[in-house]
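To start, the structure itself, in structure tokens.
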Amino acid sequence: MTGLSDAKNVRQIAAEILYRVENQKAYADLLLDHHLRSGNLVDADRGLLTELTYGTLRWRGKIDGQLAPLLKRSLADTDPLIRNLLRITLYQLLFLDKIPAYAAVNEAVEIAKATKPKSAGFVNGVLRSLLRKLAKGEQRGESETAATNLAEEYSHPQWLVDRWREYFGEEQARALMLANNQRTPLVVRVNLRKASREELLENWRAAGIAADAGTASPQAIRLPTGVSVEALPGFSEGWFQVQSEASQLVAYLVGPALGEIILDACAAPGGKSTHLAELIDDQGKIIALDTSARGVERIAENARRLGLTSIHAQCVNASKPLAENLAGPYDRILVDAPCSGLGTLRSHPEIKWQRDERDIARLAALQARILEAVAQYLNPGGVLVYSTCTLTVEENQQVIDHFLAANNQFELTDAARYLPESARHMVQGNYFQALPQRDDTDGFFAARLRKVD
Ligand SMILES: C[S@@+](CC[C@H](N)C(=O)[O-])C[C@H]1O[C@@H](n2cnc3c(N)ncnc32)[C@H](O)[C@@H]1O
């Protein structure tokens, strides 16, 4: 794929990204970032590529619901690249106002001719029949009210709809799913050792970058998606770290003090390790573990770029007993556990199509193992924070309930006392829980435990 500056190729790239996300379980943000950084795209194309990729993933359930009746065979039997080309075209026709319908259809047919010539007639036929239905006012995207069911209306898999209704009730479940389908800003955490939030905001605005202060975290700045992070002023100088706003609140819960020894058991790519190091002004020691070798490299890269030397990253499985040199004791331990990620659907909409409901029990068991394994390395009086970026009860409250039941030397402490004023309302029953529908952030959970003296 070269010479990517015309709109037709942007659509082709979007279809190919969606193809890889669907068939190779690739991450949309990594594939997108590769193209956004390539330097081959003008700004408008970057924006369109981001919109087509995320928009189609967000609304895939609804799009598929409208696509299926237009096909003679099933959607699953359609060539995977063509299936995704049809999806991005339906996204444009049903959800975007600025792109003329004929242009979206013609470009899809041209891409089909160039990539799968035998499918061009099929693509043309399907899209023309949709255009006829649209002309009769039979179909429309986001504003459609008479959808057959919630799964299609809110574009979530049925098992997730069922869960959200069970956890949150009908009204909140609808609000959550709607929030999950909103466009999300790119959020960064200002490295306060290098600049204040106001200084960075002023610098970026002077450079013509639309940046706003976040509301939940005092260190957050929100930017429009589609910007290339590495091209932002201050990236190489370590003025900021990409980190979602709710995620930024976790290090405050840990509440580290200068000179402490801290274990970050699941640390890659280092968002929270680097935040912890900044909060202790790089004076102390942070042992950052992760099972991903590439992840460990990324922790080290981020620490270096941010000018931090107190972080020691190692490739270690934290669910197993730790080697003697890593076995503490620690003043504080953070378990930012591997989880189903269902709180992050705004920024990772592919997760709802890639996850299997059975993943939840498997992850909850792993989370419990990691928590149990590392808790023994905490000093009496020390603090243990458990966090996830998901909203399932099994991976959150139940993991903590089971842990506390089996470890009576630990007690749950009130998370609100440790959070900035702007985030205290996110604590209920001592648990921290950020909700997309209420807080305009990713969904997050955290519990702050103390080991009694
Ligand atoms: C939610 S992510 C961590 C995000 C990180 N704390 C941050 O703020 O940037 C969970 C991490 O756990 C790692 N992981 C999974 N199983 C693990 C294990 N048994 N021991 C240590 N890390 C593990 C994954 O590789 C992943 O990087």
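Since this is a predicted model, take the numbers as computed values, not measurements. We count ligands from 1, going down the list as the structure has it; atoms in each ligand are counted the same way.
- Residue contact check: Pro269 has heavy atoms under 4.0 Å from atoms 9 (O) of ligand 1.
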Which side-chain N or O atoms in residues 315-322 pair as donor and acceptor under 3.5 Å with protein atoms at least two apart or in another chain?
unit_1: Asn317; atom_1: OD1; unit_2: Ser319; atom_2: N; d: 2.9
unit_1: Asn317; atom_1: OD1; unit_2: Ser319; atom_2: OG; d: 2.8

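- In this structure, Ala265 counts as a contact residue of ligand 1, since one of its heavy atoms falls inside 4.0 Å of the ligand.
- With 3.5 Å as the limit, one finds a donor-acceptor pair spanning the side chains of Thr274 and Arg189.
- Heavy-atom distances between Ala337 and ligand 1 reach below 4.0 Å in at least one pair.
- Between atom 5 (C) of ligand 1 and the options Ala251, Ala268, Gly271, the minimum heavy-atom separation is to Ala268.
- Tested against Glu357 for a salt bridge (charged side-chain N to carboxylate O under 4.0 Å, His left out), the candidates Lys352, Arg163, Arg362 yield a single pass: Arg163.
- Ligand 1 lies nowhere less than 4.0 angstrom from a heavy atom belonging to Ser247.
- Atoms of ligand 1 found under 4.0 Å from any heavy atom of Ala318, numbered from 1 in the order shown, are 18 (C), 19 (N), 20 (N), 21 (C).
- Residue-ligand proximity, Asp336 to ligand 1, at heavy-atom distances under 4.0 Å covers atoms 1 (C), 3 (C), 4 (C), 5 (C), 6 (N), 7 (C), 8 (O), 10 (C).
- The ligand atoms of ligand 1 that sit less than 4.0 angstrom from a heavy atom of Pro338 are 10 (C), 12 (O), 15 (C), 16 (N).
- For Thr115 and Gln12, the side-chain atoms include no donor-acceptor pair closer than 3.5 Å.
- For the residue pair Asp282/Thr309, the side-chain donor-acceptor check at 3.5 Å is satisfied.
- When the heavy atoms of Ser244, Cys266, Gly270 are ranked by distance to atom 12 (O) of ligand 1, first place goes to Cys266.
- A heavy-atom separation below 4.0 Å is not found between Val250 and ligand 1.
- Of all the atoms in ligand 1, the ones that sit under 4.0 Å from a non-hydrogen atom of Ala267 are 5 (C), 6 (N), 7 (C), 9 (O).
- In the model, Asn203 has no side-chain atom that pairs as donor or acceptor with a side-chain atom of Glu199 under 3.5 Å.
- With hydrogens and angles disregarded, a donor-acceptor distance shorter than 3.5 Å links the side chain of Thr390 to the backbone of Leu342.
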